Structure formats: structure tokens, C-alpha cells
Amino acid sequence: MLKDKIINLFKDAIKKALDAGELGQLTEVPNEIDLDKCKNPDHGDRAISIAMKLARDAKMAPIKIAEAIVKYLDYKSIGSVTVVPPGFINIIFDWNCLEGSLVEIHREKENFGYFDKTKKEKNKILVEYVSANPTGNLHLGHGRQAALGSALASLLDWAGYDVFSEFYINDAGVQIEKLSASAKAAIQIQEGVIPESEYPEEAYPLESMLDVLKPEVYSEKLQAELDSDSNLKTKVDYKTLDAELAGKIAKDLFIDLQTKVLGDMEVRFDNWFSEKENLHQEKDNKVTEICKILEDNGNLYDQDSALWFKAKHYGDERDRVIQKSQGVYTYLAADIAYHKNKFDRGFDKLINIWGGDHHGQEPGIRGAIKAINYDPDLLELIFIQMVSLQKDGVEVKMSKRKGDIVNVDELLEEVGNDALRFFLIDSQANNRMVFDLELAKKQDKDNPVYYIQYAHARAASILRNLSSAKINIETKEEEAPELSEAELQDLEKTIFTKPNEILQAFSGESVDEDSLQTIRTLILELIEFPNVIEDAAEIRAPYKVSVYLKNLASLFHQFYNENRIIGVSEELMKARLSIALASKTVIANALRLLGISAPEKM
RNA sequence: GCGCCCGUAGCUCAGCUGGAUAGAGCAACUGCCUUCUAAGCAGUGGGUCAAUGGUUCGAAUCCAUUCGGGCGUGCCA
């Protein structure tokens, strides 16, 4: 990568300047040197501000440091540099250098930006996200977690991590009991056994139960259950319906529904981790085991006939109940067991994506991890704040209250996956966001998804048109295509591997300065892609990729408008084509990373 | 009350591990289609970076305090 090359050149220069004793009291080469973008293109392509940062330690004026560094800098292979007060070192790349980077994009194609996994140590990451209870459909909040979580998993994968994604199914405990009561009542209402007025108050919304518990579905499942259970051919008796069975059916239906909705969002997990099956087994119960470990460590105590974990000792604001007085374990107990299980599977890093309203649980789980002698620093929590929906200009707050839920599948149907994912990814996780329904539905330039996809489609259409025959408007005769199929196939070999020829075409033509600057800016942005991935992965921020894409698309449209490709000299055509195709490659890669389609035609 | 998060253009947001003149998109207004997709481009207007103080060569960015908003503060999950 060009960036690494430049940083290394600067490190070498600083080392030489140090050895020559020209950097004052500075004693060592800095570990980190940032390569900054220039806000003003007149300043150059990239800037280094290390001289200002070293000024304090060196006890020298920044500009003197910059001059000393440049004196030893071998910049010939990248271009030219200038030193500007108060101490910026500005870099202007020469064409060959930019061209070399373009060739790299063409060479790597769909792998451009994808980092080698063998180069990273300690790179096994588990990303757990969504983890909705199997007691209802997925609402917009889950949708944001799904979009961001899957985009993050993908981003980390691109950045060279070995990513494993997981959905924790919370299929044990009180919410399942509540689901059972809800499901039983919902079925009995539909069978006329009880009136709707008798639907329990402390139950999940009836409407959401009715969504999955349809007569033809539950009757078949109940009958199947009955048949497998006995040899008697009896009919289902809805009056004596077993709540647990009704709950199990509802749970399975909700898991199926969630799986389908997530699949429609291009969200797939490596593992669906069932709490019930993995932690609450009859034999070798992991939750009781965790309590025993905590007890042996002296981290538990009895009070009011409940078992308490000494969370306060580990930094929480108070102690937490782990087993209620009636003997039931709390959510925390299972969660500790789950985290122990994750650690025991040998990941180097655990990332949990939680709803922002769960942030109060962080000290508790961290404390517990410490209490069972695992390293809480390996656990990273990402909190995703609420999404509110804007409809007809009015903001409707999302909450779990009855009737106020907007489900992901409805949104998917309304705006499509590309727009849904993009909008949900395109903002920082720990900021609340507003989902503008009308904007997401728009299929025009106002909608950033279409704007980006359109850039890709435009690039694709150039390629298509190059190799297809044209009809002359005046003579109505068919003319030969610009490139034959064979030439098109050969494109990469013929125009993309000769670094000294591609961009020189521009200097031979009467290309105006603005157009050249557009091209420079576009190429610089294209080769920025791997850096964007690295930076975004580092701070776990997929939205950086979407922000990058919007900017890149804008630069491409600008380029497209200023530079015709078909109908110019062959030299110029190839030079421009190489840029258009590199753009197509990078846009496609970035969209793929985000789980959004890159259409060839729109 | 305490804890966490947020506050940048009318709206939605970038920029925040300190760097050069604070940027996009939408909305408003003005140009550009006989030429590769106008789902586009070019241009104009729009700011007390919530406020105050501090740190320093330099602060939207870091620190403190204040104000405003959200969430949390259960033997719920």
C-alpha cells in the first residue's frame, strides 16, 4: 500500500536525521505517523504533520524539524514534497505513483481492500449480535443491530480478522413462561375456547402472537406433536391445551420468522446459540456450575433468601441477584455462563452488540468475568442507540410498548434491503438515529443508496457499450463496437499492466486543469479504500465505509460528467477506462462489504 | 439524585486518537440532456461547532463546570 510506503519513507528519514543529530533533543523515531488528507487541494495530495508533533520533545521549531526530515527523505519514488509553515510537509504524488496504485486495484479486483488473514496475530473474534428474544418479531431496533452487526462482522473479516458471528437465543427462563401463557391464550381465543377479553394482561401483544400462530399452522404442529407422543389417534383438545407445548410452538415459529427476516436482510450467523440447550442441560448444567465457581471464589452471599453476586466489589454500583428467592436464576447468571463458554472456545476478542438500554448491565458482566478469573478486557461492548422512525415528517419514537413497534419485515417490504441496510449502517452506533421512511423509499438522487448504486451502474454500462455494436443515427447503419469481445477480454492485460503509459495519455491531450484535479482526487480516494477499512475496523465503525462510499460516488459522477470514454482517442479512452473500472471495482467491493447489491444496470 | 450516551447549517449527519479557510446530502434558488444512464453535473445562499472557563504554537476535537435531550438506575430481560 502506498500509505505504508510513505510512512516508512518518513521513518527512515527521521532515523537518518536523528543519526545526523539534526532533530534537537529527540531520541527516537515515533511509532505512529499519520498521513492526512489535505482539505485544500492547493496544498497537495497528502500531508504529514509529524514535525509539529515532535516539536515539544525535540525542543525545536516545527518548521526546522520538517526541513531536517525532508533533507533525508527519499521522496523521488512518490513525487515531490514541500515544507509549509508552521511545519506541514505536503506531498504531491506524480502520475507514475498514482498509476502504480491504480494497477494494484486492477490486479486485485474483488480482493482489493481485503486484508490477508495470516498477517494478523490474535485475530479470532466472536461477534454476538441481535440476540432478540424468541418471543416476537424483530423491530426496527433489532434491524439496526442486525445491519450494523453484520456489517461490522464483514468489516472485520475484510480487515484481516477471523470472524465468527453468533446469535444468542434466550430460550429459557421467565420470558418463555410468559410466551407460553401468551401462546396458549392466543390459540384458545382463535379456537373459541376463551373470549378475547380473557387474554392475559401480562402477556406479549396479542397481535404479534396472531402473526405467527395461525390456525392452519398451530393445528398441524399440535397434531404432529400429539401423534408422535402416543399411538392413539386423538384430536387436539384446545380446552386442555398444554401451555408449555404452545410456548414451544410459538418459540420455534418466532425463531423461524426471525431467521427469515434476518436472511432477507443478508444477515447470517455462523451459530445460533441456544441458552436452553447449551447452558441449562439437565446434566452438567452450566448455570449451576457458574454459581458454584462464584461461590467457591467467595463472590456470592445469601440475603433475603436470594443469592447475590458481589458486583460492587468489581466496580458495579451495587450487588446483583443471581438466583432469586424462589430458586430461579436471573438473566445475569446465564449470561455469565454464556460468556465463560465464549472464552473457553478460545477467541482472542469478544464483541457484543447490545441495545443502548442495556448499558447498565456492563459493569455486572465485566465484574463477573473478572470474578471467574477471565480477562474482562477481551470483552468489547458496543451499544446501539434507538432508532426513531420519521413518517410524513413526523417523528414516532420507537418503544416496546404495545402497538408502537415497527417490524423489520414491514420495512423490508416497503423500502427494500439495500436502502434499509444502508440507512441503518450509515450513522454512528452510539448516536440515536432517525430513519426517514420517505427518503429510503425514494428511487432517485435524493436517496444515497441509489446515488451510489447508480455510480456503479454507470461504470458498468460504459463497459457494456464499448463492446456492443452501435447504430448510426443518421445513416441507420450498424457500426463496429469500440472494442471487440476479444479486446474486452484482454483489457486488463493490455491496458492495466503498463504503469508508465496509462496516465501519461492525459498529458498528451488538451485536458484542462480542473479535469485533471478531479481525476487526481478520484484516484486518491480509490486507493484510500484499504485505509478506510483498516481505520473503520479499528474503531468498529461500519458507517465509515458508507460515508466513504457516498464521497467516492460523488467523485465518480463528477469524473463521469467531465470525461467521455467512448468516442475519444484510443489512448485517452484506455486511460479513462482504467479509472472508471477501478472505480467500479472499489464501489462494488465496498457495497459487498456492507451487504448491499451493486447493480450492473438500473 | 447518581451512572452512561448525545448536542455541529432549517432538517439528517460527517469531521472528534488536537492541525491549514468547519464539510456533505436534503430543503430554497440558478444554469447544463441531438454525445457512454439527467437515478447525474456545475453554481448561489445558509454556522455563537449548546454555554463558560482551562490545557498549548494551535481546540468542533482534550479537561472541568453548566445548560438541554435520551437511556439506565428491579429478586425484569
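Please read all numbers here as calculations on a predicted model, not as lab measurements. Residue numbers start from 1 in every chain, and the chains themselves are labelled A, B, ... in the order their sequence lines are given, proteins ahead of strands.
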For the residue pair Ser274(A) / Asp171(A), report whether a side-chain donor-acceptor contact shorter than 3.5 Å exists. yes
Please pick, from rC41(B), rU73(B), rA14(B), the nucleotide with the shortest atom-to-atom distance to any side-chain atom of Gln428(A). rA14(B)
Check this for me: does the side-chain of Asp42(A) come within 3.5 Å of the base of rA20(B) through a donor and an acceptor? no
Among all residues two or more places apart in sequence or in another chain, which pass the side chain to side chain contact (heavy atoms under 4.5 Å, CB included) test with Lys312(A)? Asp319(A)
Do the rings of Phe383(A) and Trp354(A) sit parallel, tilted or perpendicular, given the 30° and 60° boundaries? perpendicular
Kindly state whether the pair Phe88(A) / rG19(B) counts as stacked, where counting means centroids closer than 5.5 Å and planes tilted less than 30° apart. no
Anything under 3.5 Å between a protein N or O and an N or O of nucleotides 74-77 of chain B, put it in a table, one pair a line.
residue : atom : partner   : partner atom : Å
rG74(B) : O5'  : Arg318(A) : NH2          : 3.0
rC75(B) : O2   : Ser325(A) : N            : 2.8
rC75(B) : O2   : Ser325(A) : OG           : 3.0
rC75(B) : N3   : Ser325(A) : OG           : 3.3
rC75(B) : N4   : Asp304(A) : O            : 2.8
rC76(B) : OP2  : Lys324(A) : NZ           : 2.6
rA77(B) : OP2  : Tyr331(A) : N            : 3.1
rA77(B) : O3'  : Asn170(A) : OD1          : 2.4
rA77(B) : O2'  : Asn133(A) : ND2          : 3.1
rA77(B) : N6   : Gln361(A) : NE2          : 3.0
rA77(B) : N1   : Gln361(A) : NE2          : 2.7
rA77(B) : N3   : His358(A) : NE2          : 3.4

CG of Leu439(A) versus P of rA27(B): gap in Å, rounded? 9 Å
Can you work out whether Ser427(A) or Arg46(A) has the more 5'-proximal nearest nucleotide on RNA chain B? Ser427(A)
Heavy atoms under 4.0 Å, any strand shown: does Phe383(A) hit a base, just sugar-phosphate, or nothing? nothing
Quick check: do Glu414(A) and Leu437(A) have side-chain heavy atoms less than 4.5 Å from each other? yes
What residue pairs, at least two apart or across chains, pass salt bridge (Lys or Arg N to Asp or Glu O under 4.0 Å) with a residue in residues 135-144 of chain A? none
What does Asp535(A) touch in the nucleic acid at a heavy-atom separation under 4.0 angstrom: a base, only the sugar-phosphate, or nothing? nothing
Roughly how many Å is it from CE in Met433(A) to C1' in rC13(B), rounded to a whole number? 10 Å
Give a yes/no on whether any side-chain N or O of Asn447(A) is located under 4.0 angstrom from OP1 or OP2 of rG25(B). no
Whole angstrom is fine here: how far is it from NE2 in His557(A) over to P in rU37(B)? 13 Å
Student check: side-chain heavy atoms of Pro86(A) and Met52(A) closer than 4.5 Å: yes
Over how many whole Å does the gap from Lys64(A) atom NZ to rC57(B) atom P extend? 18 Å
Once you apply a heavy-atom cut-off of 4.0 Å, does Arg564(A) come out as touching a base, just sugar-phosphate, or nothing? base
How long is the line joining CD of Glu538(A) and P of rU17(B), in whole Å? 13 Å
Pairing string of RNA chain B (Watson-Crick or G-U wobble, both atom distances under 3.5 Å; | = paired to other strand) is (((((((..((((.....[...)))).(((((.......))))).....(((((..]....))))))))))))....
Say you pick atom C1' in rG68(B) and the same atom in rG45(B); how far apart are they, in whole Å? 29 Å
Tell me whether the OP1 or OP2 atom of rC41(B) has a side-chain N or O from Tyr451(A) closer than 4.0 Å. yes
Taking the P atom of each, how far is rC13(B) from rU52(B), in whole Å? 25 Å
With distance as the sole criterion, is a donor-acceptor pair present between the side chains of Gln453(A) and Asp418(A) under 3.5 Å? yes
Would you say Lys39(A) reaches rA20(B)'s phosphate, i.e. side-chain N/O to OP1/OP2 under 4.0 Å? yes
Look at Ser461(A) and rU37(B) and indicate whether a side-chain polar atom (N or O) is within less than 4.0 Å of OP1 or OP2. yes
On a plain distance test, is the side chain of Asp436(A) in donor-acceptor contact with the base of rU12(B) below 3.5 Å? no
Can you measure Glu600(A) atom CD to rC36(B) atom P for me and round it to whole angstrom units? 19 Å
Arg432(A) side chain N/O closer than 4.0 Å to the phosphate oxygens (OP1, OP2) of rC13(B)? no
Give a yes/no answer on whether the side chain of Asn430(A) brings an N or O atom under 4.0 Å of OP1 or OP2 in rC6(B). yes
On the nucleotide rC6(B), are OP1 or OP2 found under 4.0 Å from the side-chain N or O atoms that Gln385(A) carries? no
Establish, from distance only, whether the side-chain atoms of Glu380(A) and Asn352(A) form a donor-acceptor pair under 3.5 Å. no
The side chain of Asn465(A) lies closest to which of these nucleotides: rA14(B), rC36(B), rG19(B)? rC36(B)
Pick the C1' atom in rC49(B) and in rG43(B), then give their distance to the nearest Å. 26 Å
Can you give me every donor-acceptor pair (side chain of residues 541-548 of chain A, partner residue at least two apart or in another chain, under 3.5 Å) with its distance?
residue   : atom : partner   : partner atom : Å
Ser546(A) : OG   : Asp426(A) : OD1          : 2.7
Ser546(A) : OG   : Tyr543(A) : O            : 2.8
Tyr548(A) : OH   : Glu525(A) : O            : 2.7

Please check if any side-chain donor atom of Ser49(A) sits under 3.5 Å from a side-chain acceptor atom of Asp36(A), or the reverse. yes
His43(A) aromatic ring stacked with six-membered ring of rA20(B), 5.5 Å and 30°: yes
With sequence neighbours excluded, what pairs up with His557(A) under the ring-ring contact (aromatic ring centres under 6.0 Å, His included) test? Tyr451(A), Tyr454(A)
What nucleotide among rC36(B), rA39(B), rU37(B) has an atom nearest to a side-chain atom of Ile566(A)? rC36(B)
Do the rings of Phe309(A) and Tyr314(A) sit parallel, tilted or perpendicular, given the 30° and 60° boundaries? parallel
Which part of the nucleic acid, if any, lies within contact of Lys544(A), taking any heavy atom under 4.0 Å across all strands shown: a base, the sugar-phosphate backbone alone, or nothing? sugar-phosphate
Are Tyr543(A) and rU12(B) close enough that a side-chain N or O sits under 4.0 Å from OP1 or OP2? no
Looking at the angle O4'-C1'-N9-C4 for a purine or O4'-C1'-N1-C2 for a pyrimidine, is rC33(B) syn or anti, with syn meaning within 90° of 0? syn
Nearest-nucleotide comparison on RNA chain B, the residue closer to the 5′ end among Ser554(A) and Val84(A): Val84(A)
Rounded distance in Å - CD1 (Ile539(A)) to P (rG15(B)): 7 Å
Assign Ala47(A) to base, sugar-phosphate, or nothing according to its heavy-atom contacts below 4.0 angstrom with the strands shown. base
